[in-house]
J.: 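I am attaching a structure below and will ask some questions about it afterwards.
Small disclaimer: the values here were computed from a predicted structure and weren't measured. Read the numbers this way: they start at 1 and go in the same order the structure lists the ligands and their atoms.
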Amino acid sequence: MNIALFGPPGAGKGTQAKELSKKYSIPHISTGDILRANVRDGTELGLKAKQYMDKGELVPDEVLIGLIRNRLTGSDCETGYLLDGYPRTIPQADALTDILKEISKPLDAVINIEVSDDELVKRLSGRRSCACGESYHVMFNPPEKDGICNACGADLYQRDDDKEEVIRQRLAVYNEKTKPLINYYDDAGILVNIDGTGVVDAVFADICKVMNQFK
Ligand code: AP5
Ligand code: MG
Ligand code: ZN
């Protein structure tokens with residue numbers, strides 16, 4: 001099953017992808033998580049990416065295209081993949097089409113999670129993240145123990161880009177550079193829109209209905 005989760009920052013891509021990846025046994029490929037891991041490890045890629053991420057800007061296309069090519073050719077993608085946060089520009093989408101053609105794994109669906117801007121700001125400003133990839137919300141999805149990850153027991157933190165002014169910038173960048181991909185994939189006949197405003201479990205059920213068609 002070859003799926004991309006699409007949607008603005010805070011739509012719930014990461015939250016849903018974690019569970020979908022377990023249910024369908026396909027790797028969750030989050031470019032944001034890969035970049036943050038590089039920032040934490042202080043790699044050359046991380047140092048470069050951080051300058052853009054902290055401002056709410058996109059990391060340059062050539063960096064992301066190289067990264068995603070490496071990741072998709074990994075052996076764990078044999079049975080499929082679940083993309084989260086890639087592609088985010090038309091050049092990234094074009095490059096993805098080429099890579100997927102080379103490895104004969106074209107996308108089955110691009111699932112677009114729709115949430116209003118006001119709700120996105122609320123979600124992002126209350127988000128608490130874990131280095132393991134889990135994320136929580138102080139009100140909508142609190143961890144069992146305050147400030148501690150349910151999954152791994154580590155301390156939760158607030159992402160540097162989850163500050164109000166950076167959130168606004170990320171939404172502006174989404175509208176300008178990423179949103180045009182909705183038409184791009186609609187034209188390709190593989191776009192599916194999902195209402196992302198319900199509770200986490202309701203959104204999950206709706207996404208599963210789509211993914212079950214490709215099992
Ligand atoms: P990335 O990490 O991908 O961030 P993003 O797209 O801004 O998305 P988020 O992770 O903020 O949101 P999400 O949809 O995963 O929401 P979540 O599930 O956490 O990218 C970060 C940066 O890296 C970019 O700005 C860029 O610089 C760089 N980058 C990454 N990929 C790139 C690319 N391809 N090209 C160039 N640069 C790239 O949920 C959010 C909150 O809401 C949580 O608190 C959660 O608990 C809560 N929540 C989730 N679902 C619900 C629900 N149904 N109801 C109530 N609350 C909910
Ligand atoms: Mg995410
Ligand atoms: Zn954790």
J.: Within a radius of less than 6.0 Å around CD of Gln213, do more than 12 heavy atoms belonging to other residues, nucleotides or ligands occur?
T.: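 Above 12, so yes.
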
J.: Counting heavy atoms only, which of Pro60, Gly85, Gly196 is nearest atom 34 (N) of ligand 1?
T.: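 Among Pro60, Gly85, Gly196, the closest heavy atom to atom 34 (N) of ligand 1 belongs to Gly85.
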
J.: Any idea which of Lys177, Met53, Arg88 brings a heavy atom closest to atom 20 (O) of ligand 1?
T.: Arg88

J.: Need one value: angle at the Zn ion (ligand 3), Cys132 atom SG versus Cys149 atom SG, rounded to 10 degrees.
T.: 110°

J.: Does atom CG of Asn212 have more than 12 heavy-atom neighbours from other groups under 6.0 Å away?
T.: yes

J.: Among the heavy atoms of Gly10, does any lie under 4.0 Å from an atom of ligand 1?
T.: yes

J.: Please confirm whether Gly198 comes under 4.0 Å of ligand 1, counting heavy atoms of the residue only.
T.: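 Yes, Gly198 has heavy atoms under 4.0 Å from ligand 1.
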
J.: Taking N or O atoms only and a 3.5 Å limit, does Thr31 qualify as a polar contact for ligand 1?
T.: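 Yes, since at least one N or O of Thr31 sits under 3.5 Å from an N or O of ligand 1.
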
J.: Run the numbers for me: atoms of ligand 1, each under 4.0 Å from some heavy atom of Ser135, listed by number.
T.: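 That gives atoms 19 (O) of ligand 1.
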
J.: So for atom NZ, which belongs to Lys105, do other residues, nucleotides or ligands contribute more than 12 heavy atoms lying within a distance under 6.0 Å?
T.: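 Yes, enclosed.
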
J.: To the nearest 10°, how many degrees is the angle Cys130 SG to the Zn ion (ligand 3) to Cys152 SG?
T.: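 Between SG of Cys130 and SG of Cys152, at the Zn ion (ligand 3), the angle is about 100°.
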
J.: Nearest to atom 10 (O) of ligand 1 by heavy atom, Lys13, Arg159, Met139: which?
T.: Arg159

